[in-house]
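First up is the structure itself, then whatever we jot down about it.
Residue numbers start from 1 in every chain, and the chains themselves are labelled A, B, ... in the order their sequence lines are given, proteins ahead of strands. Note that the coordinates shown come from a computational prediction; the quantities given were computed from them, not determined experimentally.
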Amino acid sequence: MKSSRRNFLKIAGITALGVGARPAIDTIAAVGGRGPTEPEPILKQNEKALTAKQWAMVVDTRKIKSEKDVAPLYEACHKIHNVPDMPIKRHEIKWIWPEQFHHAFPDLHSEFLSEKIHHTTFPVLCNHCENPPCVRVCPTKATFKRESDGVVVMDYHRCIGCRFCLAACPYGARSFNFFDPREHIKEINLKFARRTKGVVEKCNFCVERLAEGIEPACVEASKGILTFGDLYDPESEVRKLIAENFTIRRKIHLGTSPAVYYIV
Amino acid sequence: MPNNSKGMYNKNLVIAGIVIFVILAAFPFWFNVVKSAPAPEVVLTEKAKAAKECVRSKEYMTTDHMVLLDVWRDSVVRDAKRTYVNPKGVEFNMSLSNTCLDCHSNKTEFCDRCHDYASVSPYCWDCHIDNPQGGIE
Ligand code: SF4
Ligand code: SF4
Ligand code: SF4
């Protein structure tokens with residue numbers, strides 16, 4: 001191994017050159033990069049935003065006298081969120097809709113019901129479950145439970161349309177866009193985005209309104225039928241209503257812990 | 001062997017072949033040198049001109065607007081943070097439709113020109129409305 005010494009010196013030389021060049025490379029990189037003096041931008045919550053540990057809703061069904069009392073809720077929600085009005089029933093997209101007692105509460109249904117309950121339609125929507133099965137099955141985290149306030153949010157950018165969540169949600173709260181929804185939006189709200197074919201959508205508890213410090217649109221349109229508030233604030237309106245009245249929730253035996261309560 | 005050895009080792013033919021190959025392979029490069037489309041010019045609306053500076057510097061926006069929008073998207077959708085405070089301390093509502101396109105309400109002359117030139121087709125506008133002010137779909 002005659003040449004080993006020679007090789008060693010060669011390698012050592014090249015290494016020394018590399019180490020020596022380091023400061024020069026660093027300088028070049030710094031000049032090429034963005035000004036190191038600029039402070040980092042800050043991302044923060046809106047100051048006027050409404051906040052909670054877990055948003056919840058109470059539906060006072062005693063106040064629903066006829067279909068007319070609840071129709072404005074559906075209209076308000078679907079209008080501001082650019083929810084399409086699909087011509088064929090099985091392609092329907094819905095965020096909040098009327099349901100009869102035996103569909104909304106099949107486990108509480110019995111053959112003979114009070115006339116009143118029998119004839120009332122119950123507004124149903126995503127329950128923003130505390131233990132949401134839709135979130136567990138979503139392979140892309142397109143559906144997630146927002147840590148800041150417990151809203152089960154959809155990130156439409158990530159949804160791949162696999163529909164696992166449709167199968168997992170026991171409340172039918174999710175709709176899939178089998179067709180391009182954009183052609184079927186009656187009156188477009190220019191402040192809110194639309195969805196495309198191939199994604200799932202559902203009620204978002206009006207996160208865009210909460211960020212502006214206002215209550216959900218359906219609550220606003222409900223004339224007191226719906227109440228919105230923080231489930232973990234004992235002073236909140238929803239907690240007071242729950243404390244003073246007997247309430248039911250949909251299919252609680254499944255362990256999803258829905259955050260929408262119904263006074264019957 | 002003796003027969004095709006002449007063909008295999010004909011120096012002139014081989015070199016001519018290589019030259020032709022290089023010219024053909026480099027076609028996109030010299031074609032563009034001869035005839036390249038001029039870089040597009042983006043048009044600023046009066047409102048954008050009046051604002052003087054965008055959310056970040058012009059240079060940053062030119063090269064990194066897609067990064068900024070990506071950060072905005074995740075922040076708004078996933079972290080419920082909708083206010084952006086730029087390095088100068090100015091606050092912005094992180095919204096493509098309601099902030100960016102409020103000033104740049106001329107998508108065809110502002111966004112599309114460059115995107116077409118660079119041959120990228122972002123699908124933002126499949127969902128996001130391109131001009132909340134003018135109300136043109
Ligand atoms: S109601 Fe359905 S969609 Fe909404 S959080 Fe519960 S499981 Fe998910
Ligand atoms: S359809 Fe979309 S939201 Fe639902 S599970 Fe699949 S990726 Fe998640
Ligand atoms: S909370 Fe908002 S998104 Fe949900 S049903 Fe009511 S209006 Fe629609």
- prompt: In terms of heavy-atom contacts, does CZ of A:Arg163 have more than 12 from other residues, nucleotides or ligands at under 6.0 Å?
  reply: yes

Region of B:Glu91 that comes under 4.5 Å of a non-hydrogen atom in chain A: side chain

query: Around B:Lys107, counting heavy atoms of other residues, nucleotides and ligands shown, do more than 12 lie under 6.0 Å from its NZ?
result: yes

- prompt: How far does CG of B:Asp130 sit from CG of A:Leu190, to the nearest 0.5 angstrom?
  reply: 9.5 Å

- line: Residues B:Val85 and A:Lys44: closest non-hydrogen pair is CG2-CE, 3.9 Å

- request: Answer yes or no: are there more than 12 heavy-atom neighbours, outside A:Lys141 itself, under 6.0 Å from its atom NZ?
  value: no

task: Answer whether the closest heavy-atom distance between the side chains of B:Ile129 and A:Asn82 falls below 4.5 Å.
output: yes

message: Counting only non-hydrogen atoms closer than 4.5 Å, does A:Phe192 touch chain B with its backbone (N, CA, C, O), its side chain (CB onward), both, or neither?
response: backbone

- request: Taking the side chain as every heavy atom from C-beta outward, state whether B:Tyr84 and A:Pro41 have any atom pair closer than 4.5 Å.
  value: yes

task: Let me know if A:Lys197 has heavy atoms under 4.5 Å from chain B in its side chain, its backbone, both or neither.
output: neither

query: If every non-hydrogen atom of A:Gln45 is compared with every non-hydrogen atom of B:Lys81, which pair is closest and at what distance?
result: N-CG, 3.8 Å

- prompt: Between A:His157, A:Glu147, A:Glu40, A:Arg146, which has the largest tally of heavy atom pairs under 4.5 Å with chain B?
  reply: A:His157

Side-chain H-bond candidate by donor/acceptor type, B:Asp126 with A:Thr196, under 3.5 Å: no

- prompt: So do A:Val207 and B:Arg82 actually touch side chain to side chain, heavy atoms under 4.5 Å?
  reply: yes

- line: In terms of heavy-atom pairs under 4.5 Å with chain B, the winner among A:Val151, A:Leu43, A:Val199 is A:Leu43

- prompt: Non-hydrogen atoms of chain A under 4.5 Å away: do they reach the side chain of B:Arg78, the backbone, both or neither?
  reply: both

message: Does A:Glu75 have more than 12 heavy atoms from other residues, nucleotides or ligands lying within 6.0 Å of its CD?
response: no

